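Values in this document were obtained by computation on a predicted structure and should not be read as measured data. All chains are named by letter (A, B, ...) in the order of the sequence lines, taking the proteins before the strands, and each is independently numbered beginning at 1.
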Amino acid sequence: MCDRGFEDISGGENRMAKKITPRSKDYSRWYTEVIQRAELADYAPVKGCMVVRPYGYALWENIKEGLDRRFKATGHVNAYFPLFIPMSFLQKEAEHVEGFSPELAVVTHGGGKELEEPLVVRPTSETIIGHMYAQWVQSYRDLPILINQWANVVRWEMRTRLFLRTTEFLWQEGHTVHATYEEAQEETLRMLNVYADFAENDAAIPVIKGRKSESEKFAGADMSYTIEAMMGDRRALQAGTSHNLGQNFAKAFDIKYLDQNNELQYCWTTSWGVSWRILGAVIMVHGDDQGLILPPKLAPYQVVIVPIWRGEEERSQVLEAAVQVQAALEGVRVKLDDRDEYSPGWKFNEWELRGVPLRIEIGPRDVAQEQVVLARRDVAGPEGKSAVAMSELAQRVPQLLDTIQADLLARARKFQRDNTYEPTTYEELKEAVGKGFALAYWCGDAQCEAKVKDETKATIRCIPLDQGGIGPGHCVVCGKEASERAVFARAY
RNA sequence: CGGGGCGUGGCUCAGGCCGGUUAGAGCGCGCGGUUUGGGACCGCGAGGUCGGCGGUUCAAGUCCGCCCGCCCCGACCA
């Protein structure tokens with residue numbers, strides 16, 4: 001895992017500086033450079049596609065593990081459905097096909113012959129899963145069905161961005177079937193809460209849970225719910241969605257059951273998904289001008305040990321101590337960087353770029369004093385360093401990782417709060433969406449929503465479920481009575 | 001798809017306007033040696049169909065035409 005030699009691609013006069021473009025100078029450039037230099041991912045030869053490199057994939061595996069564990073704990077099981085979907089399936093749900101047809105990849109040939117019916121490369125799997133569910137569900141005794149799948153999907157996007165919007169992406173999609181609307185709604189919100197719990201407790205990303213407006217909801221859903229997060233440039237990112245599909249897909253695919261009274265009923269279905277986009281959120285919420293800052297719960301390496309020595313004698317002493325420290329940290333993901341060809345200073349920068357939460361420095365002086373130096377990634381400079389006796393490490397390191405995890409969430413939460421405004425006039429709204437989130441009354445009229453989008457490029461990210469206990473007010477756009485406030489923001 | 005920019009060793013670029021020996025630099029890479037508490041240094045070395053095709057010319061990285069690809073900005077989206 002060593003540097004492959006990405007130089008400062010801003011070029012020009014400071015070509016020697018091995019620095020990343022600062023976030024304040026060009027945020028999207030910073031984002032792209034960090035991903036490539038930290039070796040999370042690389043561009044693939046196919047437009048809009050990317051290669052996830054081992055370090056990035058390890059991060060994704062930790063995200064998967066955190067989500068999958070929660071799915072299982074709420075009664076879900078995993079399964080796998082096919083990549084190819086008959087074109088006709090998409091067309092069975094009117095709103096669904098209208099929403100997705102512009103971004104479909106379609107296979108027309110196979111085995112050297114033109115296919116009788118084109119196959120769509122799944123953009124999402126409601127249709128093919130609905131088709132199967134229709135065959136599996138007969139009676140109320142078959143319900144609920146609580147299935148999740150980990151899969152790749154393809155959406156032909158016009159503009160792509162590493163992790164945030166790629167032509168092919170990895171995600172999970174849960175698809176459930178219920179006997180009643182109430183159960184489906186309960187499931188929809190349960191999974192929204194699972195996502196929020198993961199985002200805050202594992203990814204250290206504070207999120208706003210809310211409803212999508214009609215124009216922003218999933219094609220084919222009765223109601224879409226979202227968790228929205230604020231990135232480091234104050235723009236919004238939808239980090240996960242959960243949909244109550246009502247009976248739309250049940251009717252399109254004939255998913256019916258016989259109830260206790262021997263009457264045939266249409267089922268109620270839900271779907272919910274989180275993609276590797278959330279990895280982009282981790283990068284943008286926590287990273288700084290030195291590179292990534294990974295929350296300990298997701299970091300592939302939670303601790304990196306950098307040994308420091310001069311000459312052979314010191315080398316063997318220091319390495320011996322380093323190995324002992326590594327052994328003492330059982331249960332912690334530790335990387336011992338004993339490469340000889342890089343200096344300690346070089347390694348410091350390297351592992352900071354790659355976001356390892358905690359660094360342990362061990363040199364001859366430390367060995368003599370039976371201590372090590374701990375350096376926190378999230379606290380720059382000497383303030384983040386402390387000397388700790390080797391005998392205390394097994395206790396102190398896990399504690400410190402917990403502290404870092406909590407501090408990252410607290411810092412992100414403060415940032416979001418500090419950059420959220422509550423405009424009451426349209427002029428104030430316009431100003432607010434230029435510098436962060438705007439929490440403002442909205443009457444629910446799509447025209448007011450469209451006006452804001454046209455004139456400010458900000459969209460309604462969600463109508464928060466938690467309205468803070470405040471009463472009705474007046475729409476920030478038209479002044480009419482409004483019962484709820486919405487979050488307006490520029491979004492990815 | 002509209003506007004802007006760019007294709008030259010692995011990376012970032014110079015050379016191009018004004019055609020002319022073996023096409024350069026820094027970084028990275030390989031070997032040897034000295035180093036190592038915040039991106040060390042010396043020596044030697046490997047590595048290029050100058051995006052592609054065609055044209056002009058005695059001669060094209062350089063001029064002309066067409067094509068391909070990539071990046072940035074605008075209309076869709078997890």
Between NZ of K453(A) and P of A75(B) the distance, given in whole Å, is 8 Å
Which one, U36(B), A78(B), G39(B), comes nearest to the side chain of N349(A)? G39(B)
Looking across every strand, which nucleic acid part, if any, lies under 4.0 Å from R359(A) by heavy atom: base, sugar-phosphate, or nothing? base
When the distance from CE of M158(A) to P of C73(B) is rounded to whole Å, what number comes out? 16 Å
On a whole-Å scale, what distance lies between the P atoms belonging to C29(B) and C67(B)? 41 Å
Nearest-nucleotide check on RNA chain B, R161(A) vs A239(A); residue mapping nearer the 5' end is R161(A)
Distance in angstrom units between D26(A) CG and C73(B) C1', rounded: 12 Å
Would you indicate what G363(A) reaches in the nucleic acid, counting non-hydrogen atoms under 4.0 angstrom: base, sugar-phosphate, or nothing? base
How far, in whole Å, is U62(B) from C77(B) if one measures between their P atoms? 44 Å
Under 4.0 Å, heavy atoms only, any strand: does T166(A) hit a base, just the sugar-phosphate, or nothing? base
Distance alone, cut at 3.5 Å: any donor-acceptor contact between the side chains of N349(A) and Y342(A)? no
By nearest atom, which of the nucleotides G38(B), C71(B), A40(B) is closest to the W346(A) side chain? A40(B)
Looking across every strand, which nucleic acid part, if any, lies under 4.0 Å from E352(A) by heavy atom: base, sugar-phosphate, or nothing? base
Describe the nucleic acid contact of L164(A) in one word from base, sugar-phosphate, nothing, applying a heavy-atom distance below 4.0 Å. base
With rounding to whole Å, what would you report as the distance between A46(B) and G30(B) at their C1' atoms? 7 Å
When we call it a touch if two heavy atoms are under 4.0 Å apart, what does W171(A) touch: a base, just sugar-phosphate, or nothing? nothing
Interatomic distance at P, U22(B) relative to U57(B), whole Å: 23 Å
Which value, in whole Å, describes the distance between the P atoms of nucleotides G43(B) and C27(B)? 11 Å
If you look at every strand shown and take non-hydrogen atoms under 4.0 Å, does V306(A) touch a base, only sugar-phosphate, or nothing? nothing
From the options F81(A), F89(A), F249(A), select the one residue that forms a ring-ring contact (aromatic ring centres under 6.0 Å, His included) with H131(A). F89(A)
Is there a donor and acceptor pair, one atom on the side chain of R155(A) and one on the base of C77(B), closer than 3.5 Å? no
Quiz question: by atom type and distance under 3.5 Å, do the side chains of E126(A) and Y133(A) form a donor-acceptor pair? no
Students often get this wrong, so: under 4.0 angstrom with heavy atoms, is F218(A) touching a base, only sugar-phosphate, or nothing? nothing
Which nucleotide in the list G38(B), G39(B), G37(B) gets nearest to the side chain of P364(A)? G37(B)
Going by atom types only, do T270(A) and T176(A) share a side-chain donor-acceptor pair under 3.5 Å? yes
Using only side-chain N and O atoms of R159(A), determine if any of them is under 4.0 Å from OP1 or OP2 of C77(B). no
Just compare G39(B), G37(B), G38(B) and give me whichever is closest to any side-chain atom of K385(A). G38(B)
Nearest whole Å is fine: how far is C27(B) P from E33(A) CD? 19 Å
Is the phosphate of A40(B), meaning OP1 or OP2, less than 4.0 Å from a side-chain N or O of S343(A)? yes
Which value, in whole Å, describes the distance between the C1' atoms of nucleotides U21(B) and A60(B)? 15 Å
By nearest-nucleotide position on RNA chain B, the 5'-leaning member of R365(A) and K457(A) is R365(A)
Heavy-atom check, side chain of W268(A) versus side chain of E187(A), under 4.5 Å: no
Please determine, for the side chain of E361(A), which listed nucleotide (C29(B), G37(B), C76(B)) has the closest atom? G37(B)
Measuring from the side chain of R37(A) (C-beta onward, heavy atoms only), which nucleotide among C76(B), U36(B), G39(B) has the closest atom? G39(B)
Distance between the C1' atoms of G16(B) and G7(B), in whole angstroms? 14 Å
Distance only, no hydrogens: is a donor on one side chain within 3.5 Å (strictly under) of an acceptor on the other, for E168(A) and N152(A)? yes
Whole-angstrom distance between C31(B) and C70(B), as gauged at atom C1': 36 Å
Modelled atom types, side-chain donor and acceptor of N62(A) and K297(A), under 3.5 Å: no
F163(A) has an atom CZ; how far is it from atom C1' of C77(B), in whole Å? 18 Å
